[in-house]
Amino acid sequence: MKLVTWNVNSVRLRLEHLQRLEALWRPDLICLQETKVTDELFPREAFAALGYAHLAVLGMKGYNGVAIASRRPLALVRHQTWCGRDDCRHLIAELDGIEVHCLYVPAGGDIPDPAANDKFAHKLEFLDAVAGWFAGQDAARPMVLVGDFNVAPLPTDVWSHKQMLKVVSHTPVEVERLAALQASLGWIDAVRHFVPPEQHLYSWWSYRAADWAASNRGRRLDHIWVTPPLAPRLARAEILAEARGWQPPSDHVPVMVDLA
DNA sequence: ATGGTGGATGCTCCA
């Protein structure tokens with residue numbers, strides 16, 4: 001089973017990109033974040049034409065929004081809300097007995113101080129709540145947790161560890177929170193399973209660079225994690241960096257894992 | 001130290 005996660009930054013603007021992605025990787029399952037569309041206006045026909053007739057969508061007007069597109073029928077579709085907000089960040093479905101979680105963690109604003117920045121406080125509370133919830137689940141079940149986690153955990157998941165320590169997405173307090181979430185079920189980072197920690201990896205490049213590829217100041221914010229029962233099935237993982245150059249681009253690129 | 005861009009919306013918010 002080949003599965004992809006991608007923060008598309010508006011699904012309606014990225015339909016041709018999704019067509020390219022399908023042609024390139026032929027994924028069985030595509031998990032999307034920042035769809036930025038209500039469920040009524042979700043472009044279902046375009047997905048059906050690509051072979052994804054089975055959709056789970058959880059969207060709102062303008063902001064956030066997650067979706068799961070599948071070639072085969074999805075079971076037990078449901079969603080979760082966090083921190084008392086109904087803001088379309090967590091969608092769940094099952095395929096082939098695997099429970100798939102599509103998650104969009106709050107970005108957290110610019111100031112990395114929860115006392116001065118409500119968005120950063122919300123991000124930390126969100127990560128704590130999700131970690132607490134998963135800690136009560138059964139790690140012996142085959143589960144996949146994917147999405148835009150908005151945290152780059154390793155020093156090599158950012159272009160400069162030292163210069164990013166006070167930048168939201170790579171501060172120690174966020175990295176600790178994400179580590180606690182990872183520990184909740186002993187989640188395995190499926191991409192790092194194949195790539196040594198010395199090697200830099202990015203899945204996001206800012207729009208605010210004159211030349212994203214030349215400056216290459218990226219961050220790895222998008223992740224695919226699996227529970228221990230799925231570890232023996234990890235066959236391949238890829239980050240499609242070239243998609244950052246597809247016009248007009250999302251600032252995130254697709255991340256893929258193949259489960260044997 | 002600063003500002004830089006892009007998307008959805010509608011005279012601004014969020015990333």
Side-chain angles (χ1 to χ4, degrees), chain A residues 5-18 20-21 31-43 46 57-67 81-91 102-114 116-127 146-153 157-160 162-171 174 177-178 202-223 240-255:
Chain A
T5 181
W6 194 5
N7 177 326
V8 283
N9 190 16
S10 173
V11 68
R12 288 176 292 180
L13 270 188
R14 244 51 94 180
L15 293 174
E16 289 182 21
H17 299 43
L18 286 157
R20 293 179 73 167
L21 173 71
C31 297
L32 302 170
Q33 303 85 39
E34 282 208 87
T35 53
K36 294 189 172 180
V37 67
T38 57
D39 296 348
E40 300 76 42
L41 294 177
F42 194 94
V57 294
L58 180 68
M60 57 193 284
K61 187 177 180 178
Y63 302 119
N64 310 330
V66 284
T81 59
W82 301 106
C83 308
R85 304 191 195 194
D86 222 348
D87 53 2
C88 303
R89 293 179 179 275
H90 189 175
L91 187 57
C102 180
L103 187 69
Y104 176 46
V105 175
D110 289 329
I111 303 165
D113 175 1
N117 174 7
D118 290 342
K119 292 179 193 170
F120 194 72
H122 176 225
K123 182 179 194 173
L124 299 182
E125 286 167 21
F126 186 100
L127 287 167
V146 314
D148 176 3
F149 297 176
N150 266 314
V151 179
D157 289 334
V158 291
W159 65 278
S160 168
K162 187 180 174 187
Q163 286 178 259
M164 289 289 298
L165 280 170
K166 291 181 179 177
V167 176
V168 171
S169 73
H170 195 61
T171 64
E174 291 168 89
R177 292 303 211 289
L178 194 71
Y202 312 134
S203 66
W204 174 93
W205 291 262
S206 171
Y207 283 125
R208 300 176 188 177
D211 186 333
W212 70 274
S215 58
N216 197 25
R217 294 187 170 188
R219 309 176 194 174
R220 189 170 70 109
L221 305 178
D222 303 274
H223 302 275
L240 191 61
E242 68 181 64
R244 183 61 179 78
W246 295 353
Q247 297 299 321
S250 169
D251 44 355
H252 297 254
V253 298
V255 180

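Letters A, B, ... mirror the listed sequences (proteins, then strands); counts begin at 1.
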Considering only atom P, compute the distance from B:dT9 to B:dG3 and round it to an integer number of Å.
->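 Those two atoms are separated by 28 Å.
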Practice prompt. Quote, to the nearest angstrom, the P distance that separates B:dT5 from B:dA1.
Written response: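 So the two P atoms sit 22 Å from each other.
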Of the nucleotides [options], which one has an atom closest to the side chain of [X]?
{"X": "A:R12", "options": "B:dT9, B:dG6, B:dA15", "result": "B:dT9"}
{"X": "A:K61", "options": "B:dA15, B:dG7, B:dG10", "result": "B:dG10"}
{"X": "A:L13", "options": "B:dA8, B:dC14, B:dG6", "result": "B:dA8"}
{"X": "A:Y63", "options": "B:dG7, B:dG10, B:dA15", "result": "B:dG7"}
{"X": "A:R208", "options": "B:dA8, B:dC14, B:dG4", "result": "B:dG4"}

Separation of atom [atom1] in [X] from atom [atom2] in [N], rounded to whole Å:
{"X": "A:N64", "N": "B:dA15", "atom1": "CG", "atom2": "C1'", "result": "10 Å"}
{"X": "A:K123", "N": "B:dC14", "atom1": "NZ", "atom2": "P", "result": "15 Å"}
{"X": "A:R244", "N": "B:dG6", "atom1": "CZ", "atom2": "C1'", "result": "10 Å"}
{"X": "A:K36", "N": "B:dC14", "atom1": "NZ", "atom2": "P", "result": "12 Å"}
{"X": "A:L41", "N": "B:dT9", "atom1": "CG", "atom2": "C1'", "result": "14 Å"}

Interatomic distance, A:Q163 atom CD to A:H170 atom NE2 [nearest 0.5 angstrom]: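 Reported to 0.5 Å precision, the distance equals 11.0 Å.
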Exercise for review: Decide if atom CG of A:D211 counts as having more than 12 heavy atoms of other residues, nucleotides or ligands within a radius under 6.0 Å.
Suggested key: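 Atom CG in A:D211 is packed in, count exceeds 12.
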(message) Can you tell me if A:E16 has over 12 outside heavy atoms packed within less than 6.0 Å of its CD?
(response)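 No.
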Can you see whether A:E174 engages A:S169 through a side-chain donor-acceptor pair at a distance of less than 3.5 angstrom?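 Their side chains do not contain a donor-acceptor pair, so the 3.5 Å distance test is not met.
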Please tell me which of A:A209 and A:T35 maps to the more 5' nucleotide of DNA chain B, matching each residue to the nucleotide holding its nearest heavy atom.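 Residue closer to the 5' terminus by nearest nucleotide: A:A209.
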